[in-house]
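This report refers to the structure that appears directly beneath it.
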Amino acid sequence: MRAPACVSLLFLSLLLNDDAAARHFSEEQMFAVRQRIKSMFYHAYDSYLDHAFPYDELRPLTCDGQDTWGSFSLTLIDALDTLLVLGNGTEFRRVASLLQDNVDFDIDVNASVFETNIRVVGGLLSAHLLSGRAGMELEPGWPCSGPLLRMAEDAARKLLPAFQTPSGMPYGTVNLLRGVSPSETPVTCTAGVGTFILEFAALSRLTGDTTFEDTARRALKSLWTTRSDIGLVGNHIDVVSKKWVAQDAGIGAGVDSYFEYLVKGAIMLQDEELLHMFLEYDRAIQNYTRFDDWYLWVQMHKGTVTMPVFQSLEAFWPGLQSLLGNLDGAVRTFQNYYSVWRQYGGLPEFYSIPQGHTVDKREGYPLRPELIESAMYLFRATGDHTYLQLGLDALESIEKIAKTSCGYASVKDLRDHQLDNRMESFFLAETIKYLYLLFDPAHFLHGGGTEGGGSWEEGGEGGQCVLGAGGFVFNTEAHPLDPAALYCCSRHRHDRQQLRELLLHLSQPDRQSQPPAHRDTEAPPTGHSDSIVLKAGEKKSTPPPLSCPVQPFSARLAVLGQVFSDNT
């Protein structure tokens with residue numbers, strides 16, 4: 001790194017520390033900021049409804065709309081749970097009904113498998129799990145059933161043909177009506193393989209169809225076997241041959257959410273295998289890519305530096321580190337990234353660390369959320385108001401640079417603040433949501449009890465489940481998922497299966513006295529319900545005793561400390 005860049009970053013770091021020491025936000029000030037964030041949301045949201053719906057996205061410079069990721073009215077799906085986060089249950093209910101009536105996934109459209117999963121499937125799952133707080137009329141047994149859950153399942157089922165490869169890793173694009181095109185390229189990015197376990201496992205555990213979780217796990221395990229001898233993965237892989245096409249290893253674009261889902265999947269599912277995978281990767285990442293609390297790109301087999309750049313998508317990393325209790329490293333890396341923000345009023349897509357400025361043709365800022373996301377996690381972990389200052393900086397910068405008469409526009413070039421004619425759906429799904437949650441530490445999504453009506457609620461058959469009290473896990477599009485709901489539905493299903501087996505056992509008391517050769521081939525006695533008897537030839541071991549009724553879920557989400565307790 002050249003000396004002038006070092007001096008510049010050191011100065012910015014000192015300035016940041018001075019500002020943090022001088023500024024403390026009162027409750028009244030945080031409330032005022034939240035009101036400003038709500039105004040930002042509704043300016044963008046109303047502009048989309050007025051000028052772009054039913055298209056996927058708003059074009060804020062021309063005040064019209066365009067389809068981008070599949071013609072789903074994507075911005076409306078992505079923004080749905082943000083409405084409830086901001087406390088607007090009335091509009092949430094209206095939009096949920098509107099989507100049920102108007103969105104159809106049985107269409108002849110080529111869609112990104114990755115983007116459809118995180119935005120559409122994730123958005124519908126989150127909205128389904130938040131329906132109770134929004135005052136929607138719930139089906140008996142919710143959250144294990146419901147119209148938004150069925151929509152999410154329908155969308156996810158359209159993606160399954162993409163996973164029909166020799167490796168189990170998915171193609172990047174699928175036609176929602178016809179499946180994978182014969183001419184589809186087998187090359188896809190690492191994140192496009194490893195970013196399904198949250199949504200697909202949630203679907204399986206809510207619906208009882210294990211296909212989704214099994215599919216996501218097969219892709220994860222297949223990708224795991226392709227890592228290099230030094231423990232790294234590249235950027236793009238051939239899903240048919242399992243050969244690496246792009247061998248740059250890092251934590252940014254094309255890879256980022258793969259690592260995110262290993263950690264969050266471990267938390268949501270209490271899965272030690274996923275955590276083990278991430279920790280193995282993290283050792284290699286710290287050994288080969290970390291330099292002065294920056295993370296560079298290296299050759300996956302040799303560990304030699306290939307790109308000494310910071311990418312804006314990497315800014316999620318400090319937040320991820322904080323979930324695992326690595327606060328020292330998270331804070332130092334965040335300081336580096338924040339210094340870039342203060343230099344430009346946003347994070348450029350690429351930033352040259354040695355030269356201390358943007359990379360040619362990568363100067364844009366599409367209003368991404370990652371640094372704000374990390375600020376939210378770090379503020380929760382430390383209580384340091386430095387992170388609130390970043391949030392206020394972000395709010396004021398976006399208002400000054402990106403606001404138009406029709407919403408907010410992506411910044412084409414941070415050096416002169418030229419604008420681009422696009423407002424991505426993640427601006428409403430992520431950027432504004434994380435900003436709001438940063439300034440609302442008592443929000444129910446953090447385990448508090450402000451917007452949305454309390455920190456927990458009843459669910460499941462007979463209201464036997466406690467939902468929402470164990471913390472929420474955000475997917476990579478900031479759609480919150482409730483681990484307690486997955487536990488609730490899985491446990492109900494498990495108990496029903498045990499009851500079925502017990503009734504079967506009690507209904508056939510003479511079976512135990514018959515010779516083993518006859519037990520497995522005897523036809524079921526007449527007069528018994530088909531719902532509780534075995535088919536001819538079906539084997540069944542002695543049923544286990546019934547367990548206790550469904551118990552409340554007790555999450556072990558750690559902000560300080562480890563994800564798993566020592567006796568897990």
Side-chain angles (χ1 to χ4, degrees), residues 12-46 79 81-89 315 318-319 322 327 330-331 334-335 337-347 365 367-403 407-408 427-455 472 474 478 480 559-560:
L12 285 168
S13 179
L14 292 172
L15 180 62
L16 171 62
N17 289 332
D18 289 344
D19 284 353
R23 184 69 186 269
H24 182 88
F25 290 78
S26 67
E27 289 292 331
E28 292 77 12
Q29 289 171 324
M30 291 172 69
F31 175 80
V33 175
R34 291 201 299 272
Q35 297 307 113
R36 292 179 62 183
I37 296 168
K38 283 186 178 182
S39 296
M40 172 185 283
F41 172 83
Y42 286 112
H43 177 62
Y45 179 77
D46 291 343
D81 57 16
T82 308
L83 285 165
L84 190 64
V85 169
L86 302 183
N88 193 343
S322 75
L327 284 178
V331 168
F334 183 92
Q335 293 271 30
Y337 298 169
Y338 191 11
S339 70
V340 178
W341 179 287
R342 291 174 66 91
Q343 188 175 348
Y344 292 101
L347 287 185
Y365 169 54
L367 310 183
R368 291 196 188 278
E370 283 75 17
L371 191 63
I372 301 166
E373 173 187 2
S374 284
M376 182 197 75
Y377 282 114
L378 286 169
F379 178 61
R380 289 180 61 189
T382 67
D384 187 341
H385 283 222
T386 298
Y387 305 106
L388 296 181
Q389 184 61 52
L390 175 278
L392 185 58
D393 288 350
L395 173 61
E396 294 181 341
S397 178
I398 293 170
E399 286 284 342
K400 181 178 180 180
I401 297 172
K403 188 174 184 178
Y408 294 84
F427 178 64
L428 294 175
E430 298 185 78
T431 307
I432 290 179
K433 183 184 294 156
Y434 282 134
L435 260 181
Y436 190 86
L437 292 173
L438 170 62
F439 283 92
D440 192 1
H443 198 279
F444 75 86
L445 287 176
H446 297 318
T450 55
E451 306 284 6
S455 61
F472 288 77
F474 293 91
V559 175
L560 292 171

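FYI, the numbering just counts along the sequence from 1. Scope of the values below: all heavy atoms of this structure, side chains included, with no hydrogens, waters or symmetry mates.
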Of the non-hydrogen atoms in [X] and [Y], which two are nearest, and what is the gap between them?
X      : Y      : value
Met30  : Pro441 : CE-CD, 3.4 Å
Phe25  : Gln29  : CA-OE1, 3.3 Å
Phe334 : Ala375 : CE1-N, 3.8 Å
Ala394 : Trp341 : CA-CZ2, 3.3 Å
Leu84  : Gly89  : CD1-CA, 4.2 Å
Ala330 : Ser322 : CB-N, 4.3 Å

Could you grab the distance from atom [atom1] of [X] to atom [atom2] of [Y], nearest 0.5 Å is fine?
X      : Y      : atom1 : atom2 : answer
Leu83  : Tyr45  : CG    : OH    : 4.5 Å
Tyr408 : Ile432 : OH    : CD1   : 7.0 Å
Glu430 : Arg368 : CD    : CZ    : 9.0 Å
His24  : Thr386 : NE2   : OG1   : 11.5 Å
Leu395 : Ile372 : CG    : CD1   : 9.0 Å
Phe474 : Leu437 : CZ    : CG    : 5.0 Å

Task: All pairs passing salt bridge (Lys or Arg N to Asp or Glu O under 4.0 Å) where residues 388-397 contributes a residue, at least two apart - done: Arg36-Glu396, Arg342-Asp393
Would you say [X] and [Y] make side-chain contact, with heavy atoms under 4.5 Å?
X      : Y      : answer
Leu327 : Tyr377 : no
Phe472 : His443 : no
Val33  : Leu388 : no

- [ ] Could you check Tyr436 against Phe41 for ring-ring contact (aromatic ring centres under 6.0 Å, His included), going step by step and ending with a plain yes or no?
- [x] CA-CA 10 Å; Tyr436 190 86; Phe41 172 83; 9.5 Å; no
Task: side chain to side chain contact (heavy atoms under 4.5 Å, CB included) evaluation trace for Val340 with Leu371 - done: CA-CA 11 Å; Val340 178; Leu371 191 63; over 6 Å; no
TODO: Kindly indicate, with the supporting measurements, whether the criterion side chain to side chain contact (heavy atoms under 4.5 Å, CB included) is fulfilled by Ile401 and Tyr365.
DONE: CA-CA 11 Å; Ile401 297 172; Tyr365 169 54; over 6 Å; no
Test your reading of the model: is there a side-chain donor-acceptor pair from [X] to the backbone of [Y], 3.5 Å cut-off?
X      : Y      : value
Ser374 : Ala315 : yes
Ser397 : Gly345 : yes
Lys433 : Val85  : no

Open item on the list: Once you measure the plane-to-plane angle for His385 and Phe379, does it fall in the parallel (<30°), tilted (30-60°) or perpendicular (>60°) bin?
Closed with: perpendicular
